[in-house]
Amino acid sequence: MDNSKKNVTIIGGGVAGLTTAIELSQYSFQVDVIEKSPFLGGHGIQYACKATDRCVKCGACVVEEKLKTAAALSSIRLHTESQIEKITQSKTYSVSLLKRPAFINPTKCTNCGICFQRCPADAINRGFSTGNQPLFAISKNKCLYFKDGSCTLCASKCPEDAITLTAAETTESFNSDAIVLATGFQPYNPEKKPYGYHRFVNVITNLELEQMLRRHSVAQRPSDGQAPGKIAFIQCVGSRDAKLNHLWCSKVCCGSALRMARLIRSRQPEIEISFFYIDVQSFGKNFEAFYREAQNEIEMIRSIPADIYPAEDDSLRAIYYDSSTRQSHEPIFDLVILSIGMLPNPDNSQHTEMFGLKSDPFGFWSYESSSALTNGKGVFTVGAANGPMSIAETVIQAEQTAWQVYNDLVIESNNAP
Ligand SMILES: Cc1cc2nc3c(=O)[nH]c(=O)nc-3n(C[C@H](O)[C@H](O)[C@H](O)COP(=O)(O)OP(=O)(O)OC[C@H]3O[C@@H](n4cnc5c(N)ncnc54)[C@H](O)[C@@H]3O)c2cc1C
C-alpha cells in the first residue's frame, strides 16, 4: 500500500520519537521529527555504555543506533532547534514550525571542534551524538557576538566556513495526518534537597555522572579532576517523596546507578562505593545474579542520608541513621552522586490542553498498555512522557505506537463505510 503521501509529525527527538519515526517510515509514511534542543537523542544519548566484562543491557547503545538509522532515512526529516508555533485541525493537522537559526551549517561542519576550543565565552555547546549528526551548537545566551557584537572568532577560525552568526529564524508549514507526542521527561532539580547540590562542587547528579563516564570513561572529582577515593550514591532523590508529592518510583534509577557503580569499580577498582537506598527497585530475569555480584563490590546501606556537610579538601560528610544498629554515622566521601528521578515534562500541560488529552494527577499522560493512547483524533503519546520507563520499554512502546498510527490512518480508514 502506498502511504508515502501520508505525513506524521513527531514532537520530541529522543529515543521514543526516533524509534516511532523509524517504524513509521517502514510503513512508508513521511515523518517530520520536531526537536526543540540543538541535539537529537534526548536524555539517552548522554548515557555511557555500562558494559564491564560483558554487556549489562543498559540500552545506551540503542539510542545511538536509532539516531544513526533515523538520520539515514530519506523519509524522515529531522528538525532540531525547532518548535511548534501552531497546530490547527481541519481534515488533517496544519503544522507551523518555528526554526531557530542553525548558526553552524550541518552540511558544512565536520565536527572538528575548533570553534569549541577557541570560543572565549564557553558559548559552544558540545553534544554527544556521533555519526553524521552535528556535535556543536552556539548558545545565543552566552555568545559575545549576540551580547555586544565583540567577537566572531568561531566564524573566522572555522576551516569549513560553516558558521554564520547572522543566520535568521525561519518558519515552515506543512500538513500532517497524525501527531505523535514524544516529549519525554524532565530530570528532578535537587537544589532544594539538603545535599548541597550546586553549593558543594563534588555533589553531582546521576545524569552528570552518565555524561562524565560517557566523555571521560572514568569517575573524577569535579573539584580537581582526580579519581575519588570514596563515592556515595544516594537513591530516590526527588522520587517516592511525600513532601514533594512525587509519590512515584522513577523505576530506572536503581538499575542504572548500580550499573554505573559496577562500571566504576571495574575500571577503577581502588574506589570504594557506598550505595544508600530505600529498597532496590529493579527487575528482569538476570537482575538477581547481577545484584548478588554488586553486593560483593559495593557497600549497600539501607538508609537515606539526612544531610551532607562540607569536609576538608572539598570532601563531604554524609549523616545517616542505621536503624538495624540504632546508631548514626558520619562517613566522608570524595564524590556524592544524587540519583534524581524523572518528572513530567512541563510542556505536557500545553499539549494536554491543545489536544484534549488525559493526564494522571502528576502530569504524565496515561498510557494504556494494550494500545497507544490516542484521543481518537490522530494524536498519540509515547515514551517517558507517559511515565518513567527504561530505554527498552520506550522502544517497545514506540513500536506499538507506530502500529497504532498505521492502524488508525490506514486499516481503520480503509474499513470505514
Ligand atoms: C539519570 C538517568 C539515567 C538513566 N539511565 C538509564 C539507563 O541506563 N538505561 C535505561 O534503559 N534507561 C535509563 N534512563 C531512562 C531513559 O532516560 C528513558 O527511558 C528515555 O530517555 C526515554 O526516552 P524519551 O524519548 O521518551 O524521552 P527523552 O529522552 O526525555 O527525550 C525527549 C525529547 O523530546 C524533546 N522535547 C521535549 N519537549 C519538546 C517540545 N515541546 N518540542 C520539541 N521537542 C521537545 C526533548 O528535548 C528531548 O530531546 C535513565 C533516566 C535518568 C533520569
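Note that ligands are numbered from 1 as they come in the structure, with each ligand's atoms numbered from 1 the same way. This structure is a prediction, so every number in the text was calculated from the model and none was measured. The first residue of the sequence shown is numbered 1, and numbering continues consecutively from there.
Among protein heavy atoms, the minimum distance from atom 41 (N) of ligand 1 is reached at D347 OD2, 2.7 Å. Among protein heavy atoms, atom 49 (O) of ligand 1 sits closest to E35 OE1, 2.6 Å. Among all non-hydrogen protein atoms, the one lying nearest atom 25 (O) of ligand 1 is A16 N, 3.0 Å. For atom 11 (O) of ligand 1, the nearest protein heavy atom (residue, atom name, distance) is I391 N, 2.8 Å. Nearest protein neighbour of atom 7 (C) of ligand 1, counting heavy atoms only, is C58 O, 3.6 Å.
The pair R100-E169 does not meet the salt-bridge criterion, since no charged nitrogen lies less than 4.0 angstrom from a carboxylate oxygen.
Polar contact check, K36 against ligand 1: a nitrogen or oxygen pair lies under 3.5 Å apart. An N or O contact shorter than 3.5 Å links Y47 to ligand 1 by distance. Considering backbone and side-chain atoms alike, G59 places every N or O at 3.5 Å or more from each N or O of ligand 1. Checked against a 3.5 angstrom limit, the closest N/O atoms of H43 and ligand 1 fall inside it.
Every atom of ligand 1 is numbered from 1 in the order shown, and the set under 4.0 Å from a heavy atom of F185 is 17 (O), 21 (O), 30 (O), 53 (C). The atoms of ligand 1 that sit less than 4.0 Å from any heavy atom of N206 are 1 (C).
Both tests hold for K140 against F146: distance to the six-membered ring centre under 6.0 Å, angle to the ring axis within 45°.
Using modelled atom types and a 3.5 Å distance limit, the side chains of N7 and D32 yield a donor-acceptor pair. A donor-acceptor pair shorter than 3.5 Å can be found between the side chains of E208 and Y197.
With F276 as the partner, the ring-ring contact (aromatic ring centres under 6.0 Å, His included) test is satisfied by one option alone out of F233, Y195, Y320, Y321: Y320.
Counting heavy atoms closer than 4.0 Å to ligand 1, residue H351 contributes side-chain atoms (C-beta onward) but none from N, CA, C or O.
Looking only at distances, a side-chain donor or acceptor of K108 sits under 3.5 Å from a matching main-chain atom of D161.
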Please walk me through it: do R262 and E293 pass salt bridge (charged side-chain N to carboxylate O under 4.0 Å, His left out)?
-> CA-CA 9 Å; R262 293 200 67 198; E293 287 171 12; 3.1 Å; yes
Run the numbers on Q46 and E210 for side chain to side chain donor-acceptor pair (under 3.5 Å), then give the verdict.
CA-CA 7 Å; Q46 306 167 26; E210 288 273 9; over 6 Å; no
